There are 2 protein chains.
Amino acid sequence: MTRPGGRTARVRAQVLRATGDALAEQGFAHLDLADIARRADVGKTTVYRRWGSVTALVADLLIDMAEESSPRSDTGSLLGDLRANADLVLRTLTDPRQGRLFTSIIAAATCDVQAAEALHGFYATRVAEWAPCVERAIERGEAPEGTDAQAVIRAVSAPLYYHLLTTGRIDPSVADQAATAAAVAARAGVFVCQD
Amino acid sequence: MTRPGGRTARVRAQVLRATGDALAEQGFAHLDLADIARRADVGKTTVYRRWGSVTALVADLLIDMAEESSPRSDTGSLLGDLRANADLVLRTLTDPRQGRLFTSIIAAATCDVQAAEALHGFYATRVAEWAPCVERAIERGEAPEGTDAQAVIRAVSAPLYYHLLTTGRIDPSVADQAATAAAVAARAGVFVCQD
DNA sequence: CACTTAAAGGAACTGGAGTCCCGTTATGAC
DNA sequence: GTCATAACGGGACTCCAGTTCCTTTAAGTG
C-alpha cells in the first residue's frame, strides 16, 4: 500500500522547491542533499531514501515542471508566434533565477541518463504545446503541407540554447534572428518531412 | 622561474589524455582525480596541485583541444560547405567516444565558470575556422553583403546540439535540415547585422 | 475512534575524496 | 659537470557526504 496524500505530497513539494532554489543559487556541482533537506525543513534521511541523488531530484523536478504549461500565444502570423516563443525562451534563460536553474538542469541531464530522459520528456511537452502555432500557419498557407510543426518550434529554441552554451550570453537580437530564420526556412519548405 | 619543458609537458599531456578517456567512459559526475592520476600514471598529488578540480581539468583540456584545428571544406557552394560542416558536427557528436566526451564537457561547462569560459574560447575558434566558407559565399553573391558569417556557422550547429540535448539522439536528416535551413535563411538576409 | 504500517526524523557511523607533509626527481642556468 | 629549485611522488591524515539503524509521526482503513 502506498500513501501519496497529505504529508508525502507536502514533503515532495517542499523538497522540489528547495531543489530548485539550491540549483539556482549554487548550481549543480556544489549541491548536497543535506542542504536541500535543511532548506525544505525535512529530515535528510528522507531525501536520501526517496531520491538518493541530485540527478534523481532533478529528474523529479523536471516531471513536476512539465506539468505546468507555458503560455502559448496566437498573434495570427507564423513569424509573430515564433517571435513570441523566442521571446519567452529568451526571458526564461535570461531571468536570474530561471536561467541558472535551467543551466543546472542541463548540467544534471548531461551527467545522468535518468535526468536526461526527464529532460527529454519536459521538452517534448513544451514543444508539443507550441506546435499548434505552426499547424495553424500551415492551414493559413504560410508553410507547405507536411511541414514538421515540432521541428519548426525546435528550430526557434535551438540557437538560443546554443548561443548561451557557446558564448555565455544571449540578447534579443539572437532571439529575433532565431524566430525569423525559422519562419523563413519553414516557408521555404525546409521542414517538410521526407520519407 | 617556471619549467614548462620536458617532464611538465609530458605530465600535462598524459593527464589530459587520461581526462578525456575518463570523461568519455564514466562521464563528468562520477569522476575522481585519483582515478585520472592512476590512468595517467602520475601521482595524485600532482593532479590535485596543478589542476585541483575536475572542471579545471576540463578547462585545460578545452584549451588543448582548441589548438588542433578542424578540417574545413570547400565545395564551391554555401549549401555544400554548410552540409559538410553539419556532417562533421554530426559525426563528432554520434561518435561513441567523442560524443560522450562532448556531453561530459558540456556538463562541466554548465557547472563551472572557468570551464564555461574555456568552452566559449573553444567554440569561438571553431566557428572562426569555418566562417571563411560564408565569406566566400558572400563574395560569390550567395548571401547579401553584411551577413554575419559566424552567425551562419552557429545556425548550422545549434539544431544538432539542441536535438541531442532535448531528445537524446541526432540523425543525418537533422544535420541536413540544419544546413539547409541555415543556407536558406542566410540567402534571405536573415543574418545581416543590424546596427 | 482505534489500529496498522507507510513514511518521516534523529543521531551515530563510515568510507573515500581531497589535503598535507616531506622526501625524490630532473630541469634549466652557469 | 655542478648546483639550486621547480615540479613530481608516496603515504598518512582529515573531514564530511552518504549510509545505517532505530524511533516517532500520521495516513489510510474499517
Side-chain angles (χ1 to χ4, degrees), chain A residues 1-23 25-61 63-64 104 107-108 111-115, chain B residues 1-23 25-61 63-64 104 107-108 111-115:
Chain A
M1 191 186 79
T2 180
R3 291 177 185 175
R7 181 167 62 164
T8 303
R10 199 180 326 120
V11 165
R12 177 170 181 250
Q14 281 167 221
V15 170
L16 291 187
R17 194 184 41 68
T19 302
D21 290 347
L23 284 173
E25 284 172 35
Q26 330 202 299
F28 171 71
H30 349 84
L31 207 65
D32 82 294
L33 300 208
D35 175 56
I36 289 178
R38 231 173 291 122
R39 287 167 182 262
D41 198 29
V42 150
K44 99 172 166 170
T45 317
T46 302
V47 179
Y48 277 104
R49 189 178 19 226
R50 277 188 66 177
W51 291 278
S53 72
V54 178
T55 51
L57 266 168
V58 172
D60 200 24
L61 178 64
I63 291 167
D64 192 63
S104 300
C111 277
D112 178 79
V113 205
Q114 192 189 0
Chain B
M1 190 186 76
T2 180
R3 292 179 186 174
R7 182 167 63 166
T8 304
R10 199 181 326 123
V11 164
R12 177 170 181 250
Q14 282 168 220
V15 169
L16 292 187
R17 194 184 43 67
T19 303
D21 290 348
L23 284 173
E25 284 172 34
Q26 330 203 300
F28 171 71
H30 349 83
L31 207 64
D32 82 293
L33 300 208
D35 176 55
I36 289 177
R38 230 173 293 122
R39 286 166 181 264
D41 198 30
V42 150
K44 102 173 163 168
T45 317
T46 303
V47 178
Y48 276 104
R49 190 179 18 232
R50 277 188 68 175
W51 292 278
S53 72
V54 179
T55 51
L57 267 169
V58 173
D60 199 22
L61 179 62
I63 291 169
D64 192 63
S104 300
C111 276
D112 177 79
V113 206
Q114 192 189 0

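From a predicted model like this one, the values you see are computed outputs, not experimental measurements. Just so we're on the same page: letters track the sequence lines, and every chain starts at 1.
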How close or far is atom C1' of C:dG18 from atom CG of B:L57, stated in whole angstroms?
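Going from CG in B:L57 over to C1' in C:dG18 covers 14 Å.
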For atom CZ of A:R7 and atom P of C:dT5, their distance in whole Å:
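Rounded to whole Å, this separation is 16 Å.
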How close do B:S104 and B:G27 get, heavy atom to heavy atom, and via which atoms?
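In this case the closest contact between B:S104 and B:G27 is OG-CA, 3.5 Å.
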Output the distance between atom [atom1] ([X]) and atom [atom2] ([Y]), rounded to the nearest 0.5 Å.
{"X": "B:L61", "Y": "B:R12", "atom1": "CG", "atom2": "CZ", "answer": "9.0 Å"}
{"X": "B:E25", "Y": "B:L31", "atom1": "CD", "atom2": "CG", "answer": "10.0 Å"}
{"X": "B:W51", "Y": "B:I36", "atom1": "CH2", "atom2": "CD1", "answer": "9.5 Å"}
{"X": "A:L33", "Y": "A:T46", "atom1": "CG", "atom2": "OG1", "answer": "11.5 Å"}
{"X": "A:L16", "Y": "A:D64", "atom1": "CG", "atom2": "CG", "answer": "5.0 Å"}

Decide side chain to side chain contact (heavy atoms under 4.5 Å, CB included) for B:K44 and B:V47; before the verdict, give the C-alpha distance in whole Å, the side-chain angles of both, and the deciding distance to 0.1 Å.
CA-CA 5 Å; B:K44 102 173 163 168; B:V47 178; 5.6 Å; no
Global bending angle along the helix from C:dC1-D:dG30 to C:dC30-D:dG1, which compares the axes of five pairs at either end, to 10 degrees:
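Answer rounded to 10°: the end axes differ by 50°.
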Considering heavy-atom distances to DNA chain C, does B:G6 or A:T46 have its closest nucleotide positioned more toward the 5' end?
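Of the two residues, A:T46 wins.
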Show your reasoning for whether salt bridge (Lys or Arg N to Asp or Glu O under 4.0 Å) applies to A:R50 and A:D60.
CA-CA 11 Å; A:R50 277 188 66 177; A:D60 200 24; 5.6 Å; no
So, OP1 or OP2 of C:dA7: does either fall under 4.0 Å of a side-chain N or O from A:R50?
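False: A:R50 side-chain N/O out of range (4.0 Å or more) of C:dA7 OP1/OP2.
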What string of B, S and - do you get for nucleotides 17-23 of chain D 5' to 3' if you count protein non-hydrogen atoms under 4.0 Å?
SBBBB--
